[in-house]
Amino acid sequence: DQQVKQNSPSLSVQEGRISILNCDYTNSMFDYFLWYKKYPAEGPTFLISISSIKDKNEDGRFTVFLNKSAKHLSLHIVPSQPGDSAVYFCAANSGGSNYKLTFGKGTLLTVNP
Amino acid sequence: DSGVTQTPKHLITATGQRVTLRCSPRSGDLSVYWYQQSLDQGLQFLIQYYNGEERAKGNILERFSAQQFPDLHSELNLSSLELGDSALYFCASSQKLAPSSYNEQFFGPGTRLTVL
């Protein structure tokens with residue numbers, strides 16, 4: 001039972017354009033969401049997060065949008081750069097005494113020069 | 001460099017064997033997490049320790065066990081290995097107990113385990 005789903009295994013965009021990575025979740029108890037970026041042969045790196053009390057969080061070129069009613073979040077990267085090419089994982093936590101993160105399978109983003 | 005170290009980087013062993021993966025958290029971090037990433041899978045949470053105590057458990061098999069030592073490093077023990085245990089095993093650390101914007105998890109580079 002996958003509670004966090006990233007339905008697009010891969011995405012290819014042109015440098016300078018917007019990259020939109022999507023994530024759906026099924027557990028309505030999730031109240032904190034994160035995006036991680038992973039380069040080959042490295043561990044995941046935290047990118048940006050959002051609490052369920054917000055619907056948008058911005059950090060430089062990265063913006064995460066949360067639609068609680070649709071149980072959907074997205075990561076926007078504007079403008080996309082070749083160095084953004086990596087696997088992006090969406091993760092969620094339900095708070096309280098639940099300390100674990102539930103991850104999606106990841107989306108491979110390729111930004112073409 | 002996240003500051004989290006994992007050894008070894010690669011491990012090749014045979015079915016039925018037992019291995020130990022080691023993780024040193026970032027200086028000052030009290031929480032250590034273990035994740036498994038199998039082929040085409042996301043990161044599966046295995047277990048979390050905080051200041052030496054087990055605090056959260058995920059889909060960790062009974063053949064697997066972990067501990068966190070007084071110096072805060074952690075070891076993941078995998079026994080009676082099966083072909084399906086071949087995966088990347090990541091360790092992460094954070095300062096506090098629960099996920100939050102102030103308690104980011106920092107990941108190590110992982111240990112690639114191959115069971116033949």
Side-chain angles (χ1 to χ4, degrees), chain A residues 1-10 21 23-25 27 29-54 57-59 62 64 66 86-108, chain B residues 1-7 9-10 21 23-26 29-51 53-60 88-112:
Chain A
D1 174 28
Q2 242 197 314
Q3 298 186 58
V4 177
K5 298 178 186 179
Q6 293 178 256
N7 293 319
S8 298
S10 63
L21 297 106
C23 178
D24 297 298
Y25 61 95
N27 188 341
M29 299 300 292
F30 286 148
D31 64 359
Y32 183 62
F33 304 89
L34 310 89
W35 285 94
Y36 278 81
K37 178 168 78 171
K38 184 183 179 305
Y39 293 118
E42 294 182 12
T45 303
F46 171 76
L47 198 55
I48 193 169
S49 65
I50 188 167
S51 163
S52 60
I53 62 174
K54 294 185 173 183
N57 189 25
E58 202 168 344
D59 184 2
F62 302 91
V64 56
L66 175 62
V87 176
Y88 288 78
F89 290 100
C90 170
N93 171 260
S94 56
S97 60
N98 184 348
Y99 307 125
K100 76 171 197 175
L101 289 179
T102 301
F103 281 83
K105 291 188 178 183
T107 296
L108 172 62
Chain B
D1 184 358
S2 67
V4 178
T5 59
Q6 290 187 247
T7 55
K9 277 192 173 179
H10 303 276
L21 313 184
C23 169
S24 292
R26 288 189 325 151
D29 283 359
L30 298 178
S31 269
V32 170
Y33 313 77
W34 285 99
Y35 293 87
Q36 178 193 56
Q37 186 183 17
S38 303
L39 193 65
D40 296 331
Q41 295 292 318
L43 286 88
Q44 301 289 321
F45 170 76
L46 294 178
I47 197 164
Q48 177 196 12
Y49 279 81
Y50 179 79
N51 204 19
E53 290 188 15
E54 180 186 309
R55 297 307 298 260
K57 218 167 185 175
N59 300 323
I60 187 167
L88 263 172
Y89 291 85
F90 288 102
C91 167
S93 74
S94 67
Q95 285 189 331
K96 301 174 186 175
L97 193 53
S100 74
S101 57
Y102 304 106
N103 194 35
E104 173 188 341
Q105 290 186 27
F106 292 85
F107 281 77
T111 292
R112 181 172 292 282

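In this text, all values refer to a predicted model and were calculated from it rather than measured experimentally.
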Item checked: Nearest-0.5 Å distance that lies between atom NZ in Lys38(A) and atom CG in Leu43(B) -> 8.0 Å
Check: To the nearest 0.5 Å, what is the distance between CD1 (Ile48(A)) and CD (Glu104(B))?
Finding: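 One gets 12.0 Å once the value is rounded to the nearest 0.5 Å.
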Next item on the list: Give a yes or no on whether Asn51(B) atom CG has more than 12 heavy-atom contacts from other residues, nucleotides or ligands under 6.0 Å away.
Entry: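 Enclosed: over 12 neighbouring heavy atoms sit under 6.0 Å from CG of Asn51(B).
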Next item on the list: Evaluate whether atom CZ of Arg112(B) has more than 12 neighbouring non-hydrogen atoms of other residues, nucleotides or ligands under 6.0 angstrom away.
Entry: no
Check: So which of Lys57(B), Gln44(B), Gln37(B) has the largest heavy-atom pair count under 4.5 angstrom toward chain A?
Finding: Gln37(B)
Item checked: Most contacts with chain A, counted as non-hydrogen pairs under 4.5 angstrom, among Gly110(B), Pro109(B), Ala92(B) -> Pro109(B)
Notebook entry, point to check: Looking at Pro44(A), Gly106(A), Gly43(A), Cys90(A), which one has more heavy-atom pairs under 4.5 Å with chain B than the rest?
Noted result: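 Of the candidates given, the most pairs with chain B belong to Pro44(A).
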Next item on the list: Locate the shortest heavy-atom distance separating Tyr35(B) from Leu101(A); write the atom from each residue and the value.
Entry: OH-CB, 3.8 Å
Note to self: Ignoring hydrogens, what is the shortest heavy-atom contact between Glu42(A) and Phe90(B)? Give both atom names and the distance.
What the structure shows: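 Taking every non-hydrogen atom into account, O-CE2, 4.0 Å.
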